[in-house]
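Heavy-atom basis, side chains included; hydrogens, waters and symmetry copies ignored. Each ligand, and each atom within it, is numbered from 1 in the order the structure gives. Note that the coordinates shown come from a computational prediction; the quantities given were computed from them, not determined experimentally.
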Amino acid sequence: MAQIIDGKAISAAIKDECKERTTAYLAEGKEICLSVIQVGNDPASSVYVGNKKKACAYVGIKSLAYELPEETTQEELLSLIGELNGRKDVNGILVQLPLPKHIDENAVIQAIDPKKDVDGFHPQSVGALCIGQPGFVSCTPAGVIQLLKRSNVEIAGKHCVIVGRSNIVGKPMALLMLRENATVCVTHSKTQNLKEICKQADILIVAMGKPKFIDASYIKEGAVVIDVGIHRNAENKLCGDVDFDSASQIASAITPVPGGVGPMTIAMLMKNCVDSILLQ
Ligand code: NDP
């Protein structure tokens with residue numbers, strides 16, 4: 001049976017480290033402030049935004065909530081972002097995605113000042129990651145690196161296969177694993193022989209958005225398996241992209257869903273907010 005990589009415990013440790021740092025900053029008279037913008041009232045987004053506010057309160061980060069109606073225009077949203085870009089008391093700006101269809105997400109992401117881009121989605125942040133310069137890193141893949149490091153998984157020299165190439169998970173994940181000196185292979189929906197490629201991985205990171213797709217037959221004996229996927233089944237139970245029951249019989253270490261990658265995303269958002277002070 002595989003070692004369970006405990007994302008709850010690791011994320012709690014990271015939030016506590018952030019709390020220590022914000023306490024020290026507060027003692028110097030520096031308060032960190034995150035603005036969270038939500039457009040419309042998608043129930044899943046409201047849960048995510050609520051969790052972010054709670055984490056801010058715990059860590060000692062001031063949060064400003066902008067809950068805008070569904071019919072907000074792109075111009076109105078861009079104008080709010082412009083105002084927040086200009087405010088010295090705002091360190092981070094986060095726009096909860098997805099946005100209503102009439103708003104161009106790319107235009108919104110690009111409007112955020114890269115120095116306040118705590119989600120790490122701005123092209124300048126992605127470019128900086130690509131060439132090894134300082135900048136914000138997308139929270140979920142940054143969380144995966146912390147899970148591996150804090151579970152003492154050696155990354156350098158290992159063969160890492162990533163399933164999925166999205167802009168927010170797969171691609172930045174590949175860049176981060178490369179930065180950690182892994183040998184990286186990125187797969188996607190057009191990949192041929194996915195199973196054979198996955199079976200070569202020492203570290204298999206799955207972010208494909210297909211419930212329980214990756215079972216033991218895709219995994220090399222002793223591999224480390226990180227499951228980024230989150231799905232809710234008909235009985236309202238959470239599961240990942242990996243079939244945990246079979247995969248945990250063959251992997252040496254594995255993240256569960258829930259309690260694996262999920263809690264890391266908010267912990268890394270908190271870390272990005274605290275780090276924003278160093279970039280500004
Ligand atoms: P996307 O849908 O944006 O990307 C999915 C990727 O998987 C695409 O690159 C796609 O390939 C690839 N893919 C789909 N089917 C296959 C297949 N059969 N074989 C190989 N590759 C395939 O998803 P995200 O990256 O945004 O998210 C992935 C999962 O992670 C989701 O379940 C999401 O809910 C979860 N997630 C969890 C987070 C967390 O905090 N834990 C945060 C973000 C996401 P192609 O490019 O060719 O279409």
Q: Go through the side-chain N and O atoms of Asn167 and Lys171 and say whether any donor and acceptor fall under 3.5 Å apart.
A: yes
Q) Do any N or O atoms from the side chain of Asn272 and from the backbone of Val137 form a donor-acceptor pair under 3.5 angstrom? A) yes
Q.
On the six-membered ring of Tyr218, is Lys195 placed so that its NZ or CZ lies under 6.0 angstrom from the centre and within 45° of the ring axis?
A. yes
Q: Please test Glu20 against Lys271 for salt bridge (Lys or Arg N to Asp or Glu O under 4.0 Å), starting from the C-alpha separation and ending with a verdict.
A: CA-CA 11 Å; Glu20 263 180 45; Lys271 184 173 179 303; over 6 Å; no
Q | Sorted by chain and number, the residues that approach ligand 1 to under 4.0 Å with a heavy atom | A | Thr140, Val163, Gly164, Arg165, Ser166, Ile168, Val169, His188, Ser189, Leu194, Ala207, Met208, Gly209, Lys210, Phe213, Val228, Gly229, Ile230, His231, Asp241, Val261, Gly262, Thr265
Q: With sequence neighbours excluded, give me every side-chain hydrogen bond (donor to acceptor under 3.5 Å, both in side chains) pair touching residues 121-137.
A: Asp117-Ser125
Q | Shortest non-hydrogen contact from Ile32 toward Asn91 | A | CA-OD1, 3.4 Å
